[in-house]
Engineer: 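I am attaching a structure below and will ask some questions about it afterwards.
Here is the naming used below: chain letters follow the sequence lines, and residue numbers restart at 1 for every chain.
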Amino acid sequence: MRQSKLFGRTLREAPAEAQTPGHRLVLRAAIAKPLAAGLYTWLPLGFRVAKKVERIIRQEQNRIGAQEMEMPVLTPAEPWKQTGRWDALEPITFRTKDHNGREFMVSYTHEEFVHLHAMQETQSYKQMPQIVYHFQSKGRDEARPRAGLLRLREFVMKDAYSFDVDQAGLEKSYAAEHEAYARTFERMGLDAISVESDTGAMGGDIAHEFQVLTEVGEDRIAICSNCDYRANLEKATRYIEGGSARADGVPARSAIATPGTESIEALEASLGQPGDAFLKTLLFRDQSRKVVAVVLPGDRDVNEAKLRKALATGEVKFASDADFVEAGAVPGYIGPIGLKTRVLVDHGVGARPYIAGANKKDVHFRDVVLGRDFEGERVDASDVREGDLCPKCKVGRLTIKRGVEVGNIFAYGTYYSDKMNATFVAEDGTRRPFFGGSYGIGLERAVQTIIETHHDDKGIVWPPQVAPYHAHVIALPMNDEDVRTKAEALVAKLETSGVEVLYDDRDESAGVKFADADLIGIPLRVTVSKRNLKENAVELKLRTAAESEMVPHGSAVDRIAEIVASWPR
RNA sequence: CGGGGCGUAGCGCAGCUUGGUAGCGCGCAGCGUUCGGGACGCUGAGGUCGAGAGUUCAAGUCUCUCCGCCCCGACCA
């Protein structure tokens, strides 16, 4: 490919909108360009990368026996309504109608439709297990697209779906996908770790996310310093030391005057006690508008994802003033004693005396003890934080890092087949629901994450397996007849021997060409110049290397082909 | 959705406070010189100043409304 004809120009300065290093490079190196918020066009260089990433994913899916197919982007409303997701997904999906008024959704995922197909194509237990997958555009009207290709409103997802006869079969398929994912990310140069994740509104038990740890990530991951425990903060728990504290012999609770102290911080200051000496009580409303109180240690924050799960609701909101009145609570002085609502008590609240609001203005109680002074359902509804004890090994400390979710796998079991009555004939002749799982990888996000984690201050440093080209041939200067002839002959020979070449045939200065080569980040730079040809040599330089290698002009093709062949594919 | 910031040439920005000929750098086109780390000279093209309404003799600049883009948070397989 002649660079003078390349559709896509490099930029010396990045557009102001680009904030993360990777986003700036996507724009500067002509990988992709925005059309609107969260809607990007792949330029030719980026498209080649996308196709290579896609190829790796495809090979690893095929390796575990998954079969590629393709379902439409536009999907009819009925199956969505059947599973309840037509309404649930309303805020974040694109919809349209045809000329007869029939409703469609730009697909968010394809569980509903792959189940419809499975019912038709897979009628007997003899045909299972099955895994099918496709690469297809997904539409999500994200409130906040960000960081270039990291969070888009339209993107290509590889989504795979497994169908098994029972839970044991599902777990096998799940394990196969888990291994395929580990290989897939490793092959594309992503250092992804598998973490436990929340299963969200879809229920189900087993779910993992593949996270790449980087500062640009949107998720927060708790990681044990000692064992292999890793979990998304939405799901992470902690080990709580118990037993030592005793509530026996605690004097009866007594009121203390606390005028004007309406926050834990204010109480800490005026009473000289640490945050965990207090109980924090928060009022929420769930989706069905029921008010619920959550009692936490004063130094902990509520974790909304866990709270939603505990309440089995899709949404929680902070309660209104009217809710406070109804609950018999006073803002700023709320406590668990005497509340006229359902009360949840976080598992971090121990068997010891606390200071808590008295539900009376300017008054708190001291020596409030769970089980004696108030009761509540025990739940885990608080955030973990740095330094908490690992729930698995109980000795390691948790650290929290940011991560990008490049893929996830999810065993949802019969969630969809139950709602859709999707069944097969089992060995005993009865009809049984499919046990399913879904497995997704976001293509654009994977590319963006590769760039975020593979660059230096000069530009992208592509892992060879996904680089847009293998070699970047630079002719210098372009107006030298001998240089041009030899460079073009070299390019032609390389291409015949299967090396993918970007040929910088532009009449630009050496500085511009080298700077662009560093920016675009093709793994091997090949310089054919007047200076080198005087020595009858060609210069080879790996993007990752500081030093270059001079090879005789006559053996350049073989040497380059040898280097390229040594790279992982 | 809450909070904040920004919209002036393809990109980066100044001009707005105090209304009066729309500018700079990069890039782009032509010619010439140069040719191993973002060269130089000359010439040139390129603007509904995000949109609409208003105030004014006069609006990039002041007022109002709307739109777009970015960041933090919330939300989101």
Engineer: Atom CG of A/D516 and atom P of B/C26: how far apart are they, to the nearest Å?
Structural biologist: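 The answer, rounded to whole Å, is 17 Å.
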Engineer: Name the one of A/D346, A/D301, A/D299 that satisfies salt bridge (Lys or Arg N to Asp or Glu O under 4.0 Å) with A/K280?
Structural biologist: A/D301
Engineer: On a plain distance test, is the side chain of A/R28 in donor-acceptor contact with the base of B/G10 below 3.5 Å?
Structural biologist: no
Engineer: How many Å lie between CD on A/E481 and P on B/C35, as a whole number?
Structural biologist: 18 Å
Engineer: Output a table of nitrogen or oxygen pairs between the protein and nucleotides 39-43 of chain B separated by less than 3.5 Å.
Structural biologist:
residue : atom : partner : partner atom : Å
B/A39   : OP2  : A/S509  : OG           : 3.1

Engineer: Taking the nucleotide of RNA chain B with the nearest heavy atom to each, does A/R220 or A/G38 sit closer to the 5' end?
Structural biologist: A/G38
Engineer: How many Å lie between CZ on A/F410 and P on B/C76, as a whole number?
Structural biologist: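 Interatomic distance, CZ of A/F410 to P of B/C76: 14 Å.
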Engineer: For residues A/Q82 and A/E78, is any side-chain donor paired with an opposing acceptor at under 3.5 Å?
Structural biologist: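 No pair is found: no donor N or O on one side chain lies under 3.5 Å from an acceptor on the other.
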Engineer: Report the relative orientation of the aromatic rings in A/F434 and A/H115; use parallel for angles under 30°, tilted for 30 to 60°, perpendicular for over 60°.
Structural biologist: perpendicular
Engineer: With nearest nucleotide decided by heavy atoms, which residue, A/K541 or A/D219, maps closer to the 5′ end of RNA chain B?
Structural biologist: A/K541
Engineer: Hey, what's the ring geometry for A/H208 with A/Y174, parallel, tilted or perpendicular (30° and 60° as the breaks)?
Structural biologist: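 Aromatic pair A/H208/A/Y174 classed tilted.
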Engineer: Of the listed nucleotides (B/C70, B/G38, B/C1), which one gets closest to any side-chain atom of A/L519?
Structural biologist: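 Given the options B/C70, B/G38, B/C1, the side chain of A/L519 is closest to B/G38.
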Engineer: C1' atom, B/G52 versus B/A45: distance in rounded Å?
Structural biologist: 31 Å
Engineer: Considering only side-chain heavy atoms of A/R9, which listed nucleotide, B/G36, B/G27, B/G12, is closest?
Structural biologist: B/G27
Engineer: Look at all strands and tell whether A/A36 reaches a base, only sugar-phosphate, or nothing, counting heavy atoms closer than 4.0 Å.
Structural biologist: sugar-phosphate
Engineer: How many whole angstroms separate atom CZ of A/R144 from atom C1' of B/G2?
Structural biologist: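 The answer, rounded to whole Å, is 12 Å.
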Engineer: Looking for any heavy atom pair under 4.0 Å, which part of the strands does A/A88 touch: base, sugar-phosphate only, or nothing?
Structural biologist: nothing
Engineer: Is a side-chain donor-acceptor pair under 3.5 Å present for A/S548 with A/E539?
Structural biologist: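 A/S548 and A/E539 do have a side-chain donor-acceptor pair below 3.5 Å.
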Engineer: Using the salt bridge (charged side-chain N to carboxylate O under 4.0 Å, His left out) criterion, which residues pair with A/E488? Sequence neighbours excluded.
Structural biologist: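 Listed in chain order: A/R2.
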Engineer: Hey, does A/I92 reach any base, or is it just sugar-phosphate, or nothing, if we go heavy atoms under 4.0 Å?
Structural biologist: sugar-phosphate
Engineer: Can you name the residues that form a side chain to side chain contact (heavy atoms under 4.5 Å, CB included) with A/P76, not counting sequence neighbours?
Structural biologist: A/P79, A/R102, A/F104, A/F113
Engineer: I'd like to know whether A/R183 forms a salt bridge (charged side-chain N to carboxylate O under 4.0 Å, His left out) with A/E186, so could you lay out the CA-CA distance, the side-chain angles of the two residues, the decisive distance to 0.1 Å, and finally the verdict.
Structural biologist: CA-CA 5 Å; A/R183 277 195 300 269; A/E186 203 255 317; over 6 Å; no
Engineer: For B/G20 versus B/A59, give the span between their P atoms, rounded off to a whole number of Å.
Structural biologist: 11 Å
Engineer: Per the atom types in the model, does the base of B/G38 pair as donor or acceptor with the side chain of A/E508 at under 3.5 Å?
Structural biologist: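 Under the 3.5 Å cut-off, the side chain and the base do not form any donor-acceptor pair.
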Engineer: What integer distance in Å separates A/R531:CZ from B/U34:P?
Structural biologist: 19 Å
Engineer: Between B/G73, B/G12, B/G37, spot the one nearest the side chain of A/E13, thanks.
Structural biologist: B/G12
Engineer: Applying the Watson-Crick and G-U wobble criteria at under 3.5 Å, what pairs with B/U55? Answer none if nothing qualifies.
Structural biologist: none
